[in-house]
Amino acid sequence: LRYLIPILAFAAGVLVADWMQRKWKHSRAIHWRQLVLGLECALLFVIGFIPSGAWDASVNILVSFVCALQVESFRTMHGLTYATTMCTGNLRSGTELLFRYFEEKNPHLLRSGLKYYAIIAVFILGAAAGFYANHLLQERSVWIPCGILIIVFLLLRRRPSLNKENIIIPSCLAFSSGVMICISIFSLIPEATYLIKNYFFIFPGFLVTFIFIVLYFLTISLNMLLE
């Protein structure tokens, strides 16, 4: 039951996102994705006030619901289907496109593959940031993705189509998801706190983080050069 309820919460998040899309898809006052982001921010803001300990299971349920809202509402980038809350699908799609590039020598395939790897790199950076933030801010660390989602909300307010035309919004969402997944891990596995305190704040942790930062900016640079 401890693991079943978060799964049901994820399914509920998908249903709510689809319902919000159908109800407000043609609204001129506000984009329906902004309403989803507003709901996400409200829930994350509330989570920041929930003390760790006895309420960890509830935090994990709410994070599962928020992740479902996000993954269901933001699914395409430059015509590519992607996910911001998990890496496996992006890794499969990116690797498949790279294989096709080596077979067909089509630069468009390479650019598309690199976009998937950029999203993966940002997600990992968010996870690393989540580890550090959880150690320093504890339950308040959830306000980091909340702030990022507010930025995405404002970007969509200015240009609703930006979600499908630019990698900025998917990158922001992937980073915030990485932080949220870490928070979920800490709430689900209390022993992870011991791991972060004793093993992550040493040189290998800084080295790995630095490597992923370099890989991210390298990927973005290659993508810009190939366009």
Side-chain angles (χ1 to χ4, degrees), residues 10 13-14 17-18 21 25 31-33 36-37 40 66-132 144-145 148-149 151-153 155-156 158-182 184-185 204-227:
F10 190 93
V14 172
D18 287 340
Q21 178 184 11
K25 185 175 182 179
H31 196 281
W32 70 270
R33 287 190 176 91
V36 173
L37 289 170
E40 289 184 52
V66 170
C67 287
L69 289 174
Q70 186 167 300
V71 75
E72 183 67 10
S73 302
F74 298 88
R75 298 190 295 180
T76 58
M77 168 188 62
H78 292 188
L80 303 173
T81 302
Y82 76 104
T84 59
T85 59
M86 57 200 76
C87 291
T88 52
N90 295 335
L91 182 61
R92 181 201 64 80
S93 299
T95 305
E96 178 184 355
L97 288 170
L98 290 180
F99 175 81
R100 290 175 56 192
Y101 165 74
F102 288 118
E103 288 287 319
E104 304 173 20
K105 306 301 180 183
N106 185 347
H108 175 72
L109 296 175
L110 178 59
R111 288 195 297 268
S112 298
L114 290 177
K115 289 172 185 175
Y116 279 112
Y117 279 98
I119 296 299
I120 294 172
V122 175
F123 179 89
I124 296 173
L125 284 175
F131 275 114
Y132 288 108
I144 294 177
I148 295 174
L149 293 179
I151 295 175
V152 175
F153 180 95
L155 289 173
L156 285 178
R158 182 177 181 182
R159 188 175 175 183
S161 62
L162 188 62
N163 170 56
K164 298 182 179 181
E165 298 174 354
N166 200 293
I167 198 174
I168 295 177
I169 287 182
S171 297
C172 290
L173 295 174
F175 186 89
S176 65
S177 295
V179 178
M180 285 191 292
I181 293 300
C182 275
S184 181
I185 290 175
F206 288 100
L207 180 61
V208 170
T209 304
F210 176 77
I211 290 174
F212 281 124
I213 291 174
V214 173
L215 288 175
Y216 170 63
F217 284 107
L218 178 61
T219 303
I220 295 297
S221 299
L222 287 173
N223 182 52
M224 293 175 64
L225 289 173
L226 289 170
E227 288 185 347

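The NZ atom of K25 lies 8.5 Å from the CH2 atom of W32; values are rounded to the nearest 0.5 Å. I144 contributes atom CD1, which lies 7.0 Å from atom CZ of F175 (distance to the nearest 0.5 angstrom). Atoms CD1 and CE, on I148 and M180 in that order, are 9.0 Å from each other to the nearest 0.5 Å. With rounding to the nearest 0.5 Å, the separation of CD1 in I119 from CG in L114 is 12.0 Å. Between atom CG of residue L91 and atom OH of residue Y116 there is a gap of 11.5 Å, rounded to the nearest 0.5 Å. Atom CD1 of residue I151 and atom CD1 of residue I168 lie 11.0 Å apart, to the nearest 0.5 angstrom.
Side-chain contact between V71 and F10: present, with at least one pair of heavy atoms (C-beta onward) separated by less than 4.5 Å. Side-chain contact between L97 and Y117: absent, with no pair of heavy atoms (C-beta onward) separated by less than 4.5 Å. Side-chain contact check for F74 versus P170: every heavy-atom pair is 4.5 Å or farther apart.
Heavy atoms only, all atoms of each residue included: A83 and N90 are closest at O-ND2, 2.6 Å. A pairwise comparison of heavy atoms in V152 and C172 identifies CG2-CB, 3.7 Å as the closest pair. Contact record, L69 with G13: CD2-O, 3.4 Å, taken as the closest heavy-atom pair.
With E40 contributing its side chain and L149 its backbone, the two residues share no donor-acceptor pair below 3.5 Å. Remark: the backbone N or O of L173 is paired with a side-chain donor or acceptor of S176 at under 3.5 angstrom. Within the 3.5 Å criterion, the main-chain N or O of R33 finds no donor-acceptor partner in the side chain of S73.
The list of side chain to side chain donor-acceptor pair (under 3.5 Å) pairs with a residue in residues 98-109, not counting sequence neighbours, is empty.
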